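Remarks on the structure that follows.
Nothing here was measured: the structure is a model prediction, and the numbers come from that model.
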Amino acid sequence: MRWENQSRVSKFLLLGLPIRPEQQAMFFALFLSMYLTTILGNLLIILLIRLDSHLHTPMYFFLSHLAFTDISFSSVTSPKMLMNMQTQSQSISYAGCISQVYFFLFFGDIDSFLLTSVAYDRYVAICHHLHSTTIMSQRLCFPLVIVSWVLSFASALLHTLLLARLSFCRDNTIPHFFCDLSALLKLSSSGTSTNELVFLTVGVVVITFPFVCILVSCGLIGATILRVPSTKGIRKALSTCGSHLSVVFLYYGAIVGLYFFPSSSNSNDKDVIVAILYTLVTPMLNPFIYSLRSKDMKGVLGNILNRRTFSP
């Protein structure tokens with residue numbers, strides 16, 4: 001009762017995706033396949049890294065955590081969205097909505113920090129190759145991951161506690177397929193100036209700063225490789241930074257566009273479509289871009305398959 005008295009609503013209604021009824025089945029199959037690909041692809045990465053000692057390196061250490069985070073991040077919103085599409089139910093309880101906000105922010109922030117750690121590891125491996133083992137030791141890798149989890153926990157908890165203080169009296173309809181923080185702030189009948197200030201301030205720490213660090217690291221990697229004027233060097237620079245930057249711009253571009261430069265109230269459909277990019281598409285692409293394309297990962301997978309094939 002305490003939650004209901006404070007919010008004056010016991011549930012919210014999620015309007016879901018801007019899809020016509022006759023297209024529901026097609027998009028349900030599409031999004032279900034994308035979600036299953038995300039789960040299976042990232043689980044495969046975690047399994048391969050665990051099974052082969054050759055992959056117990058700083059890069060794959062970060063990628064294993066990134067894979068787990070991508071599974072969790074996608075699982076915060078996708079199952080509920082798929083269930084709503086299948087059952088035509090749009091409701092989510094108040095407590096469920098607040099919980100979804102917390103875990104969405106929590107795993108989204110960890111994703112941002114881990115992408116930065118991967119970029120820093122690549123910078124050290126290429127720009128400081130002779131000292132990479134010394135620099136990227138366990139004494140640095142473990143604290144980087146721990147700090148990522150602690151900062152993400154604090155950021156998500158702060159936003160959630162501030163959100164729980166707000167009242168929702170006028171409307172309980174969220175024009176989204178999940179409980180989006182910015183959409184909830186617009187629905188609130190209380191003053192949200194403190195929430196918005198914290199949102200922008202914390203956003204600089206968990207989004208803008210990591211994004212700038214990734215761009216700087218890729219720039220330094222490219223400058224280092226291009227000092228040797230050869231086609232091989234250019235190809236290596238594009239291979240090292242090109243795929244990484246494609247995911248980075250897809251992930252951060254969607255987030256910055258939605259939350260730091262929000263669109264007008266009459267373009268909710270566009271916001272929902274853009275949100276699909278970083279909630280479904282990016283977690284699905286990460287396994288293929290960061291791990292399954294690498295020679296080491298392909299070699300380990302090939303060895304395991306050959307072992308299974310020729311075993312009596």
Side-chain angles (χ1 to χ4, degrees), residues 30-51 55-82 99-122 141 144-153 155-156 177-181 206-207 210-211 213-214 243-256 258-259 274-294 296-298 300-301:
L30 173 64
F31 293 138
L32 177 61
S33 63
M34 292 173 66
Y35 177 61
L36 292 177
T37 302
T38 300
I39 300 297
L40 296 176
N42 285 289
L43 281 178
L44 178 61
I45 289 174
I46 296 172
L47 180 64
L48 292 178
I49 294 174
R50 295 276 297 179
L51 289 177
L55 298 180
H56 295 174
T57 63
M59 182 182 73
Y60 289 107
F61 172 74
F62 291 128
L63 289 177
S64 64
H65 283 269
L66 182 64
F68 173 77
T69 304
D70 282 336
I71 292 174
S72 304
F73 182 61
S74 185
S75 297
V76 172
T77 57
S78 297
K80 179 61 177 176
M81 177 190 71
L82 292 169
S99 299
Q100 191 179 59
V101 169
Y102 170 79
F103 286 108
F104 180 82
L105 294 173
F106 178 53
F107 290 114
D109 291 349
I110 296 177
D111 225 25
S112 179
F113 288 125
L114 289 176
L115 287 173
T116 309
S117 298
V118 171
Y120 179 69
D121 173 73
R122 292 298 82 207
C141 294
L144 281 176
V145 171
I146 292 173
V147 169
S148 298
W149 283 78
V150 171
L151 289 179
S152 301
F153 168 79
S155 169
F177 62 90
F178 67 96
C179 290
D180 179 61
L181 178 59
V206 301
I207 298 297
F211 180 53
C213 289
I214 292 173
S243 57
H244 185 57
L245 285 176
S246 64
V247 170
V248 166
F249 280 116
L250 184 65
Y251 180 76
Y252 287 101
I255 292 177
V256 170
L258 282 177
Y259 298 111
V274 172
I276 289 288
L277 294 178
Y278 66 90
T279 56
L280 268 176
V281 177
T282 303
M284 181 188 67
L285 292 179
N286 281 347
F288 302 98
I289 289 178
Y290 290 114
S291 298
L292 298 180
R293 290 174 64 248
S294 71
D296 295 335
M297 191 70 75
K298 288 179 181 178
V300 172
L301 182 59

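- Within the model, atoms SG of Cys141 and CG of Asp121 stand 7.0 Å from one another, a figure rounded to the nearest 0.5 Å.
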Do Ser64 and Ile45 pass the side-chain contact (heavy atoms from CB on, under 4.5 Å) test, and can you show the C-alpha distance, the side-chain angles, and the key distance before you say yes or no? CA-CA 7 Å; Ser64 64; Ile45 289 174; 5.5 Å; no
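- From Leu105, atom CG reaches atom CD of Gln100 across 10.5 Å, with rounding to the nearest 0.5 Å.
- Counting non-hydrogen atoms of other residues, nucleotides and ligands closer than 6.0 Å to CZ of Phe103 gives a total of 12 or fewer.
- With a 4.5 Å cut-off on side-chain heavy atoms, Phe68 and Ile110 do not count as touching.
- A distance of 14.5 Å separates CD1 in Ile46 from OH in Tyr60, rounded to the nearest 0.5 Å.
- Between atom OG1 of residue Thr69 and atom CZ of residue Phe113 there is a gap of 12.0 Å, rounded to the nearest 0.5 Å.
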Mind running side-chain contact (heavy atoms from CB on, under 4.5 Å) on Ser75 and Ile39 for me, showing each step along the way? CA-CA 9 Å; Ser75 297; Ile39 300 297; 3.8 Å; yes
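- Sequence neighbours left out, not one pair with a member in residues 144-153 passes side chain to side chain donor-acceptor pair (under 3.5 Å).
- Met284 is not listed as a side-chain neighbour of Leu280, based on a closest heavy-atom distance of 4.5 Å or more.
- Heavy atoms only, all atoms of each residue included: Ala119 and Ile214 are closest at CB-CG1, 4.0 Å.
- Side-chain atoms of Thr279 and Met81, non-hydrogen and from C-beta on, never get closer than 4.5 Å to each other.
- Phe104 is not listed as a side-chain neighbour of Leu181, based on a closest heavy-atom distance of 4.5 Å or more.
- Thr282 pairs in a side-chain contact (heavy atoms from CB on, under 4.5 Å) with only one of the listed residues (Leu250, Ile255, Ile276), which is Leu250.
- Side chains of Val118 and Leu115 form no contact here, defined as non-hydrogen atoms less than 4.5 Å apart.
- The distance from atom CG of Asn286 to atom CD1 of Ile71, rounded to the nearest 0.5 Å, is 11.5 Å.
- The shortest heavy-atom contact between Val101 and Cys179 is CG2-O, 3.2 Å.
- Looking only at side-chain heavy atoms (C-beta outward), Tyr35 and Pro79 come within less than 4.5 Å of each other.
- Screening residues 105-116 for side chain to side chain donor-acceptor pair (under 3.5 Å), with sequence neighbours left out, gives Asp109-Ser155, Ser112-Tyr252.
- Contact record, Tyr251 with Gly108: OH-O, 2.8 Å, taken as the closest heavy-atom pair.
- The CG atom of Leu82 lies 8.5 Å from the CZ atom of Phe31; values are rounded to the nearest 0.5 Å.
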In sequence, state the C-alpha distance, the side-chain angles, and the governing distance for His65 and Phe61, and then conclude on ring pair (Phe, Tyr, Trp, His ring centres under 6.0 Å). CA-CA 7 Å; His65 283 269; Phe61 172 74; 4.8 Å; yes
